[in-house]
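Proteins get letters first, then strands, A, B, ... in listed order; numbering begins at 1 in each.
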Amino acid sequence: MLEREIIQNRGVENVVEGGEVTGFRFLVRMPNYRGVFARLIDGIEVRVGDLTWPREVPLWTLGGTQYTLAELKAAHLDVHWDLDEPAVITIPHAGGLAPGIHDIDVEIAIHAPYFPPPFRPSLFPSARKVTVIA
Amino acid sequence: MLEREIIQNRGVENVVEGGEVTGFRFLVRMPNYRGVFARLIDGIEVRVGDLTWPREVPLWTLGGTQYTLAELKAAHLDVHWDLDEPAVITIPHAGGLAPGIHDIDVEIAIHAPYFPPPFRPSLFPSARKVTVIA
Amino acid sequence: MNAPSLKYGVSLYSYTGDMNTVLTLDDAMAEIASVGAAGIEILGESNVPRYPEPAPAWIDQWHGLLDRHGLEPTNYCSWVDIGHTGGPDLTTEEGVAVLRRDIELAATLGFTTIRPKFGVVSMELDPHPAWEPIVEANLDLAADHGVVICPEIHAPTPIKHRVVDDYIAFIERTGSPNFRLMIDTGIFQREASTAVQPGVSEEGHKGGWMTPLAVPMSDLVDVLPYVGFIQAKFFDIDDDLVDPQIPWREIVETLVTHGYDGWLSSEYEGERIPYRGQEQVRRQHALLRSLEAEVRADTGSAQGGQRPRT
Amino acid sequence: MNAPSLKYGVSLYSYTGDMNTVLTLDDAMAEIASVGAAGIEILGESNVPRYPEPAPAWIDQWHGLLDRHGLEPTNYCSWVDIGHTGGPDLTTEEGVAVLRRDIELAATLGFTTIRPKFGVVSMELDPHPAWEPIVEANLDLAADHGVVICPEIHAPTPIKHRVVDDYIAFIERTGSPNFRLMIDTGIFQREASTAVQPGVSEEGHKGGWMTPLAVPMSDLVDVLPYVGFIQAKFFDIDDDLVDPQIPWREIVETLVTHGYDGWLSSEYEGERIPYRGQEQVRRQHALLRSLEAEVRADTGSAQGGQRPRT
Ligand SMILES: [Mn+2]
Ligand SMILES: [Mn+2]
């Protein structure tokens, strides 16, 4: 089962590539009542303490493949974010996050074309304390 | 999955036997952190509105078999109440409960011989509004 | 002999937030069966794992669970996200393909109606004009699969509106029995709901759930012959089994009196507090059954033309 | 080459309330693996479906899940409910049979220690005197199965107490390596916990969690050669990664310095709020790893005798 919170407790960790910590990642479940094709995902804004990453920066992993936001939109009808599959959000950030407790704030943006244009995209904010283990 | 509440939403209903409504039943999950053999179950007190049934009255269904409290205690090591199996509590009550919303209050008593004798049995109270459908 | 009865179902939309967190599909079906409902409605993109291409094992599991819980698939909700303003849009051909794929998947899973939700081009929810060619291109396929395509009449669009007029004109022009209206009972809302919907702005709430549309029952009577499915939308049924928003007595009376024989499928849309959807659906079913019994007693319609529940 | 490390595990007791409601066994193992722990501890009567005779398919599933999540079974908690005052009690022979069955089940599931909790006969938690013949009758069986029987030293019983003296005398008399002590780190508690335990009366709370026992580390050092398992009991680690109740720095320092090579198995016992156990175990592991690194850096014990984590 997934956690009720959008930001999941499990899966918060630093990313190590070639012996270097190049960033961190965490899991978010779909915040909306419906799954969507990648074309409707408008990004995720992430804040940890004083640091902020705008919607265009975080990388998305869905179905085991990692995408930039631009790649996600281009994936059109080929990639689908399901309700039972959390997206892995990866933030490029040299050194990653220090071991310990951090406040993560996110805002996920998703288009719902059945809402009148002024109401798009839908914004789903979520915040949680998470723990990085050394 | 079971509901977090001890008294489950699902399974509240009147009991019909031979065309007569002879009582009602509902489900409770094990309120303690450990499962126990039937010999340690000390009964469940049930209150619905103004009506009360003392520990000796409710019938227990575990593993598909219905027991009185005395039968349960006599079952000794032959019947076990698991954490993943709610007990069906049946209250003999001619006419059952009227369709609609009712307040159910219970207190489940379970012996923990590893507590000093003055602290036995452990008492687990729980209350919930439940709905009977016609 | 069964007494005549409305056909009751439950949409998994009611359990939004609970699905995948505290409810498996198996649990959800057990819950639906436990309120005495016979039908299950789903959202394809939400409830089908690996949509749009579920594993064959999952399809087998779906049918096995239906059998085990004694449930019948009712409506399958789909989306045709044309009119997208945040990136490349769908072409009409792509829209046709999307709806085709959903009709085929819905039929594979045993559903008898499908609700495509189209992108809109106005504040009054006028659907993208491509809705008509997209539906028309799929009418024969729908007929082959025994599936009825039902666009949803949803607040703030009332029944007396060009959107509905256009759908009815389409039914009359094509003569197809595979296109009908879906009524969302939110259009009958009489009081504001304070329930907050994730992802919807304050303005969105003001224009939607906080502004009761209060469509009169006579409008429902007028279009009832064209209605293929009803979503029993509601927000909150209180501790006295009273629904302050939706006039269930009038709705049930209208449906019984006029011999509606389609599904009435619970769609809880109140606060998304864990387990609340399950409690509220149970309350709604207690309320609807008692109202139906009263109405049938009052109107002597127990011998009406309704099919018995199977 | 792996750095030396304490062997970390997690008890499913930490997820009490979450198990079967928001966590399947599969989920729980994923959670444990995700904190970098290598071991899983269970409660037989709580976590084995259809205890004491799980279905063969479940046993297969158990081993499959261990493999998938890369986890090793550590300790199996059992109970010998002798001294029951609310109905017919167990005979010593029945007590022997209960423990025998649990040792066999623990071994089938791959566990290497078992903690039998005996009924008590005093406010100081003196175990029922039949503990000794019941254990003794099972020592050979335990040896055959490679299982070590570990009674738990749990508050309000300190280490300097006749209960522990009796256990140590038993070890020395029998010379068996299959009987050792289990330390529950609640005995080192320095501040009261306000966490409420379901089923425990107000008086029970006053006599238990609200009265820190504060056993000194030197007492642990004295019995460490007899210790077969440690349950890392805790209640609340705050937002600054500080545990106000349990002196983890001293505990880790003592274990590292004296070369403890058994398991340290998380046992969260704070408020049973959904998901909190999972968050708290993650905090505890972040805290323990950083303390261990600090202690090893301070004491230069990185070349100590600890086995690398496997
Ligand atoms: Mn609807
Ligand atoms: Mn313990």
Side-chain angles (χ1 to χ4, degrees), chain A residues 1-6 8-10 27-43 55-56 62-64 69-86 106-126, chain C residues 12-13 15-25 43-53 77-90 94 97-98 101 117-128 152 154 156 197-201 203-204 207-208 269 272-274:
Chain A
M1 309 304 282
L2 301 176
E3 276 189 293
R4 190 69 174 209
E5 293 265 5
I6 299 305
Q8 304 287 294
N9 181 53
R10 203 178 311 161
L27 308 181
V28 291
R29 70 172 177 90
M30 165 54 79
N32 200 10
Y33 73 95
R34 67 170 283 216
V36 291
F37 283 109
R39 61 191 283 263
L40 299 184
I41 299 175
D42 219 14
R55 278 192 208 165
E56 294 69 29
L62 287 171
L69 180 60
E71 287 165 346
L72 213 53
K73 291 185 174 211
H76 203 54
L77 297 174
D78 294 332
V79 176
H80 193 267
W81 188 6
D82 292 353
L83 264 67
D84 63 353
E85 191 207 349
V106 303
E107 185 182 72
I108 301 169
I110 296 173
H111 273 266
Y114 57 84
F115 280 147
F119 293 131
R120 309 176 196 166
S122 301
L123 300 178
F124 300 88
S126 196
Chain C
L12 292 187
Y13 178 76
Y15 307 143
T16 291
D18 283 0
M19 293 300 295
N20 305 306
T21 63
V22 298
L23 282 182
T24 63
L25 180 60
L43 288 61
E45 290 202 53
S46 307
N47 304 122
V48 175
R50 294 208 232 154
Y51 173 91
E53 286 169 351
C77 290
S78 83
W79 286 263
V80 181
D81 292 302
I82 194 165
H84 179 36
T85 48
D89 200 7
L90 295 183
E94 285 173 323
V98 164
R101 186 161 59 180
K117 207 170 185 88
F118 293 94
V120 302
V121 295
S122 73
M123 292 300 287
E124 288 185 65
L125 306 190
D126 290 275
H128 189 286
E152 182 175 352
H154 190 291
Q197 303 304 320
V200 178
S201 65
E203 258 181 309
E269 194 169 74
R272 297 302 181 186
I273 296 164

Give the member of [options] that has the highest number of heavy-atom pairs under 4.5 Å with chain A.
options	answer
C:P52, C:G17, C:G87	C:G17
C:T85, C:V80, C:V98, C:V121	C:T85
C:G119, C:S122, C:S201	C:G119
C:C77, C:A97, C:P88	C:P88

N-O pairing of A:R39 and C:D89 below 4.0 Å = yes
query = Can you tell me how far CG of A:D42 sits from CD of A:E107, rounded to the nearest 0.5 angstrom?
reply = 10.5 Å
request  = Any chance you could lay out the side chain to side chain contact (heavy atoms under 4.5 Å, CB included) test for C:R50 and A:H80, step after step, and finish with the verdict?
outcome  = CA-CA 8 Å; C:R50 294 208 232 154; A:H80 193 267; over 6 Å; no
Parallel, tilted or perpendicular, as decided by the 30° and 60° cut-offs, for the rings of A:Y33 and C:W79 = tilted
Sort [X] into side chain, backbone, both or neither according to what part of it lies under 4.5 angstrom from a heavy atom of chain A.
X	result
C:P127	neither
C:E94	side chain
C:F118	backbone
C:D18	both

request  = Go through C:T24 and A:M1 one step at a time and tell me if the side chain to side chain contact (heavy atoms under 4.5 Å, CB included) criterion holds.
outcome  = CA-CA 8 Å; C:T24 63; A:M1 309 304 282; 3.9 Å; yes
Does any part of the side chain of [Y], heavy atoms only, come nearer than 4.5 Å to the side chain of [X], both counted from C-beta?
X	Y	answer
C:E152	A:Y114	no
A:V28	A:W81	yes
C:I82	A:P113	no
A:P86	A:L2	yes

ask   = Where along residues 116-124 of chain A does a heavy atom come under 4.5 Å of chain C, listed by residue number?
value = A:P116, A:P117, A:P118, A:F119, A:R120, A:S122, A:L123, A:F124
message = Surrounding CD of A:E71 (heavy atoms of other residues, nucleotides or ligands, distance under 6.0 Å), is the total greater than 12?
response = yes
